[in-house]
Structures are given as structure tokens and as C-alpha cells.
Amino acid sequence: MRSLISLALIIVTACITASAQEFNNVTKEYTFVSQTEAKTETTRTHRRVLCDYQPSGLWVRRGERFSVQVTDLDPEYKLSTMIGFKPMWANTNRTQENELREGANTITAANDGILSFIFVKRSGYDTEPVTVDVKITGGKAIPFYISGETADEDWQRAIANMEDTYVQLVSDRVLITLPSRDYRRFPIEDVEAMFETVHKMIDLNDELAGFDDSAPENMRTRNRINYLVDVYTPRPESDKYYAYAGEYFIGMKRDNFTALTRDLGFEWGYWHETGHTYQQRSWMFRSIVEIQVNMFSLYVQEKFGLPSKLLNKEGGNTVSSFEMARRYIANPNKNYMVINSAEYGEFFTKLVMFHQLKSVYGWQAFTRLQKEFRKKPLGNYTDEEKAAQFVYMMCFVTKNDLVPFFRKWGLNINAATAQKIAAMRLPLPKTDPSTIFK
């Protein structure tokens with residue numbers, strides 16, 4: 001009963017405070033709604049760290065002194081400024097954070113950068129969000145689009161007059177940060193339509209992951225996903241990725257961010273990177289990291305009404321991933337725990353295993369799986385232990401003995417887990433998932 005009351009409290013307070021949030025980078029006055037500290041939130045949600053910082057739409061220069069007037073700061077909450085971005089791929093960018101107190105605060109910027117605010121509860125999960133008022137003297141406004149609020153004529157005026165800094169676009173779900181020179185080259189034709197597509201993708205990921213507000217651990221997060229162009233990682237280091245899911249943000253490139261802002265309705269790359277933010281470490285053994293994530297991509301692709309990527313010939317293969325999977329299963333020397341990362345097509349060959357399970361049990365089997373792991377997440381387990389627990393939990397949620405199926409895929413488990421599954425006395429599946437290649 002107590003957990004139900006807590007759940008209702010979260011829902012009610014979130015609804016009340018959502019409308020209280022205000023961003024105004026012209027008058028430089030803000031009302032921030034508190035968020036749960038990022039790493040505390042990732043413990044509850046059992047997923048990657050999302051951003052707990054909130055945008056101001058202001059840019060400060062190195063050496064600039066600016067003031068921050070803080071009003072009604074609850075002592076149970078911490079309010080800080082952040083200049084710049086969290087560490088990126090090459091870890092060469094600098095981040096400056098300064099804690100604020102009630103009343104007047106003066107800060108000197110050590111580097112050029114976007115000004116953000118971190119307003120989080122000092123300890124524990126934030127079940128009753130509060131607000132704080134902030135007034136800034138200093139800094140310079142950058143183009144700052146607030147979904148559902150910014151008028152198009154104001155936005156176009158800001159873009160026309162922008163300097164060589166950044167552009168920020170924010171909603172209750174995402175924060176998008178782009179260099180202004182690149183936005184000028186690749187403007188977003190319909191910003192609200194772009195947000196609608198991004199939100200749809202996130203909603204679909206929430207749906208598959210089981211974030212349906214059914215229990216405290218299944219509450220949708222109020223922390224945003226920050227899609228951020230990384231201008232700090234130079235070549236050839238940046239050649240190692242298309243984009244990447246880091247801690248606090250998803251790193252993009254200057255030449256491919258349009259896959260998010262223009263082409264997301266059919267762009268696998270950013271479905272994939274967003275999927276990384278949902279991965280559960282309890283069953284993310286090393287060989288499955290770039291496979292597990294793509295069940296989210298397959299789900300989004302299907303719900304967007306597109307044909308499956310598994311029909312494609314990946315990594316230079318002459319046949320589809322389905323046919324490669326058929327050959328893989330027939331190979332007596334296969335081992336799912338080992339993957340040759342140089343063979344790009346192998347990731348999709350092994351992804352067919354997830355497709356086969358979905359074909360028999362539906363996507364809801366993976367939703368139940370993730371909910372179960374959020375109830376009792378694993379700690380620092382070995383890859384073999386994580387794989388064994390994954391097999392056990394799939395048997396548990398499907399109510400079928402899937403040990404023979406996983407063994408056909410070269411995913412063998414230890415004797416103790418096999419005995420544990422045998423003790424459940426589960427029947428074999430009526431349809432053998434390993435026979436499905438379409």
C-alpha cells in the first residue's frame with residue numbers, strides 16, 4: 001500500500017510541477033523544477049546515466065564574471081552552475097561546476113561555454129519535485145527553442161542574428177545541442193515535427209523497456225536525453241564511431257546530426273544510440289553489448305512501419321542476416337559469448353536470436369524480462385553469470401524451457417543454472433524459435 005501511495009505521489013507532483021518550469025534567456029529569469037541526481041536515477045531505472053542538467057540558453061565567455069540570484073532554494077536540494085559539457089569521447093573538454101547558495105552568487109568563467117544548471121535532491125530519489133527561481137546578470141543569449149512555447153518568427157529571428165556559438169532546443173524529454181555554424185548549414189525545417197518524431201522514438205523505447213508507470217522502478221524518467229554534437233574529439237579518433245552513447249549525453253558528429261533532426265523516421269544509427277541508454281547491465285555481457293541494444297532498434301523500425309534490417313546483407317555478406325543465422329546455427333563450433341568485432345555482419349547474425357524469440361513470444365517477453373531485472377538487478381557479476389541469468393530469466397518470463405534453444409545458438413550455461421531451470425519443470429516451446437528465419 002505504501003508503494004502505491006508513493007507512486008501516486010510521484011505522478012501527481014510531476015504533473016503539478018511540469019507547468020511551473022520556466023526558461024527565459026531574454027530576461028534571463030528561470031524557474032527550474034528539481035530532478036533526481038543522474039546516478040541516483042540510473043540506479044532506480046537500471047539504465048545508462050541521462051542528463052540531470054538543465055539549459056539556460058546562455059553563453060558565457062572565458063574570464064567573464066556573471067551573477068546568479070537564487071530565490072527559494074530548499075536546503076534539501078543542491079543547485080549548481082555548469083559551464084561547458086560533461087567529458088566527451090577524447091576527454092579533452094573542460095567542465096566547470098560551481099555550487100550556488102541562496103541569494104547572490106558571483107562566478108568567473110574559466111572557459112567559453114554554454115551555461116547550464118544542475119538542480120537535484122542532495123540524497124535519495126526526488127518523489128516530490130520542488131522549484132527554485134534564478135535570475136542571471138551576464139552571459140549572452142543563444143538561439144534557444146522551447147518545444148510548445150517558442151514562436152516560429154522569434155526562432156527565425158534568433159537564428160538570423162546568431163553568433164558562432166551553439167543552438168539549443170529543449171522539450172520535457174530531450175535537449176538537443178548543435179553548433180550554430182552547422183545549424184546554419186542544416187536548419188530544421190519544422191522543429192515541432194522533429195520533436196514529435198524524437199518523442200515517438202523515446203516513447204517506443206520506454207514501451208519496450210516497460211517504463212509504464214506501473215511501479216516505482218517502472219516510472220518514466222524526468223531526466224532528459226541530451227543529443228550533443230562533439231566538436232572536441234579530433235580525427236582520427238572520431239573515425240572510430242558514427243555516434244556514441246556516453247554518460248549524460250549521446251555524442252553526435254557535425255556531419256551526421258541531421259540523421260536525428262531530419263531523418264529519424266528511417267535512421268537506424270540514432271535508434272541504435274538511443275537504445276544504448278536503455279541497456280541493462282544485469283545481462284549485458286561483453287559479446288552482447290552491440291546486439292542487445294538493437295532489439296530496441298528493431299522495435300522502433302517495426303513500429304515506424306519499415307521492413308526489418310535483418311532482411312539486409314550486412315557487413316559485406318552476400319546473403320541476408322536471416323540466412324547467415326541459419327548457417328551460424330548449423331556450425332558446430334559456434335560460441336555466442338565470443339564475437340569478432342571486425343565482422344560487422346556478425347552483430348546482425350546474432351541479433352536474429354532476439355527476432356526468433358520475439359516471433360514466438362512477442363515483444364512483451366522482453367518487456368517482462370526488463371521489468372524483472374529492475375526488481376532485482378545483478379551486481380558485479382561475470383559475463384558467464386550474466387549470460388546464465390539471462391537464459392534463466394527468459395525461461396521464467398516465457399514459462400518455457402529455452403535451454404535447448406540457447407544451446408543451438410552456442411550460449412551454454414553452467415550446471416547450476418541448468419538445474420535451477422530444470423527444477424521449474426517447464427515445457428519445451430510448442431514452436432522451436434530456432435527454426436524461424438523470416
Side-chain angles (χ1 to χ4, degrees), residues 45 47-51 169 171 173-178 186 188 193-212 220-221 223-230 240-253 255-280 284 288-315 320-322 344-355 357-359 362-364 366-367 369-370:
T45 57
R47 59 182 292 186
R48 188 178 287 268
V49 175
L50 303 181
C51 79
L169 307 99
S171 73
R173 309 299 306 278
V174 297
L175 170 62
I176 299 173
T177 309
L178 310 171
F186 304 111
I188 302 170
M194 182 271 296
F195 272 122
E196 183 178 352
T197 305
V198 175
H199 291 170
K200 181 178 179 181
M201 174 190 62
I202 293 173
D203 287 344
L204 289 170
N205 279 277
D206 279 353
E207 187 175 272
L208 181 59
F211 288 114
D212 56 7
R220 293 177 176 86
T221 184
N223 291 4
R224 295 180 178 88
I225 298 178
N226 184 192
Y227 296 91
L228 168 62
V229 170
D230 179 351
K240 295 179 180 178
Y241 59 82
Y242 167 83
Y244 65 93
E247 297 289 86
Y248 296 95
F249 64 89
I250 291 176
M252 306 188 292
K253 288 186 177 181
D255 59 359
N256 72 13
F257 74 84
T258 55
L260 174 79
T261 59
R262 290 183 175 185
D263 306 324
L264 189 63
F266 50 87
E267 176 49 53
W268 180 276
Y270 284 102
W271 304 340
H272 174 94
E273 298 307 331
T274 304
H276 272 307
T277 72
Y278 287 83
Q279 283 181 291
Q280 296 182 316
M284 193 170 66
I288 208 174
V289 172
E290 296 297 336
I291 302 169
Q292 177 199 53
V293 58
N294 279 331
M295 71 175 182
F296 289 100
S297 305
L298 284 177
Y299 187 71
V300 171
Q301 186 175 55
E302 179 183 301
K303 297 301 181 181
F304 277 5
L306 300 171
S308 174
K309 191 174 179 67
L310 297 175
L311 295 166
N312 297 349
K313 302 170 185 178
E314 298 292 343
S320 73
S321 296
F322 284 128
Y344 178 72
E346 189 172 336
F347 294 117
F348 295 94
T349 297
K350 291 184 174 179
L351 179 61
V352 173
M353 184 182 80
F354 286 82
H355 169 82
L357 290 168
K358 184 271 295 187
S359 297
W363 288 113
Q364 60 268 26
F366 294 112
T367 300
L369 176 77
Q370 292 170 94

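- Although no hydrogens or angles enter the test, the distance criterion places a donor-acceptor pair under 3.5 Å between the side chain of Gln280 and the main chain of Gln370.
- Of all the heavy atoms in Leu208 and Met295, the pair that sits closest is CD2-O, 3.8 Å.
- Taking each heavy atom of Arg224 and Ser171 in turn, the nearest pair found is NE-O, 2.6 Å.
- Side-chain contact check for Leu50 versus Tyr248: every heavy-atom pair is 4.5 Å or farther apart.
- Judged by distance alone, with hydrogens and angles left aside, the side-chain atoms of Gln301 form a donor-acceptor pair with the main-chain N or O of Lys309 at under 3.5 Å.
- In this structure, the ring-ring contact (aromatic ring centres under 6.0 Å, His included) partners of Tyr278, at least two apart in sequence or on a different chain, are Phe296.
- The pair Arg220-Asp203 fails the salt-bridge criterion, with no side-chain N (NZ, NE, NH1 or NH2) lying under 4.0 Å from an Asp/Glu carboxylate O.
- Note that CG of Asp263 is 10.5 Å distant from CG of Asn256, once rounded to the nearest 0.5 Å.
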Test log, rule side chain to side chain donor-acceptor pair (under 3.5 Å), inputs Tyr227 and Thr261: CA-CA 10 Å; Tyr227 296 91; Thr261 59; over 6 Å; no
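- Atom CG of Leu178 is separated from atom CE of Met252 by 5.0 Å, given to the nearest 0.5 angstrom.
- Without hydrogens or angle criteria, Thr197 side chain to Gly265 main chain gives no donor-acceptor distance under 3.5 Å.
- The backbone N or O of Ser308 sits nowhere less than 3.5 Å from a side-chain atom of Glu302 that would complete a donor-acceptor pair.
- Once rounded to the nearest 0.5 Å, the distance linking CD of Gln279 with CD of Gln292 reads 4.5 Å.
- A donor-acceptor contact shorter than 3.5 Å is absent between the side chain of Asn294 and the backbone of Ile291.
- From Ile225, atom CD1 reaches atom CD1 of Ile202 across 4.0 Å, with rounding to the nearest 0.5 Å.
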Intermediate values then yes/no, side-chain contact (heavy atoms from CB on, under 4.5 Å), Thr177 and Leu169: CA-CA 7 Å; Thr177 309; Leu169 307 99; over 6 Å; no
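- For the pair Asn205 (side chain) and Met201 (backbone), a donor-acceptor distance under 3.5 Å is present.
- Using a 4.0 Å cut-off between a side-chain N of Lys or Arg and a carboxylate O of Asp or Glu, Arg262 and Glu267 do not qualify as a salt bridge.
- Contact record, His276 with Arg48: O-NE, 3.6 Å, taken as the closest heavy-atom pair.
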Evaluation steps, side-chain contact (heavy atoms from CB on, under 4.5 Å), between Lys358 and Leu298: CA-CA 10 Å; Lys358 184 271 295 187; Leu298 284 177; over 6 Å; no
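- A donor-acceptor pair under 3.5 Å is absent between the side-chain atoms of Trp271 and the main chain of Phe266, judged by distance alone.
- In this structure, Leu260 and Glu273 have side chains that are not in contact, with every pair of non-hydrogen atoms separated by 4.5 Å or more.
- Below 30°, between 30° and 60°, or above 60°: for Phe249 and Tyr244 the angle between ring planes is above 60°, a perpendicular geometry.
- By the 4.5 Å heavy-atom criterion applied to side chains, Glu290 and His272 are counted as neighbours.
- We find that Lys200 and Glu207 are not joined by a salt bridge, their nearest charged nitrogen and carboxylate oxygen being 4.0 Å or further apart.
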Candidate pair Asn226 and Ile250, rule side-chain contact (heavy atoms from CB on, under 4.5 Å), full reasoning: CA-CA 6 Å; Asn226 184 192; Ile250 291 176; over 6 Å; no
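- Closest non-hydrogen pair, Asn223 versus Thr221, comes out as N-OG1, 3.0 Å.
- Here the closest heavy-atom approach between residue His355 and residue Leu310 is recorded as CB-CD1, 3.6 Å.
- Side chain of Lys253 to main chain of Tyr241: a donor-acceptor pair is present (N/O by atom type, distance under 3.5 Å, no hydrogens or angles).
- Lys313 NZ to Ser320 OG: the interatomic distance, rounded to the nearest 0.5 Å, is 8.5 Å.
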Worked verdict on Phe304 versus Leu204 for side-chain contact (heavy atoms from CB on, under 4.5 Å): CA-CA 10 Å; Phe304 277 5; Leu204 289 170; 3.8 Å; yes
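- For Tyr270 and Tyr242, the gap between ring centers is short of 6.0 Å.
- Using the six-membered ring where Trp is involved, His199 and Phe195 have ring planes that are tilted, between 30° and 60° apart.
- In Glu196, the CD atom is not crowded: 12 or fewer heavy atoms of neighbouring residues, nucleotides or ligands sit closer than 6.0 Å.
- Relative ring orientation between Phe366 and Trp363 is described as tilted, the plane-to-plane angle lying within the 30° to 60° band.
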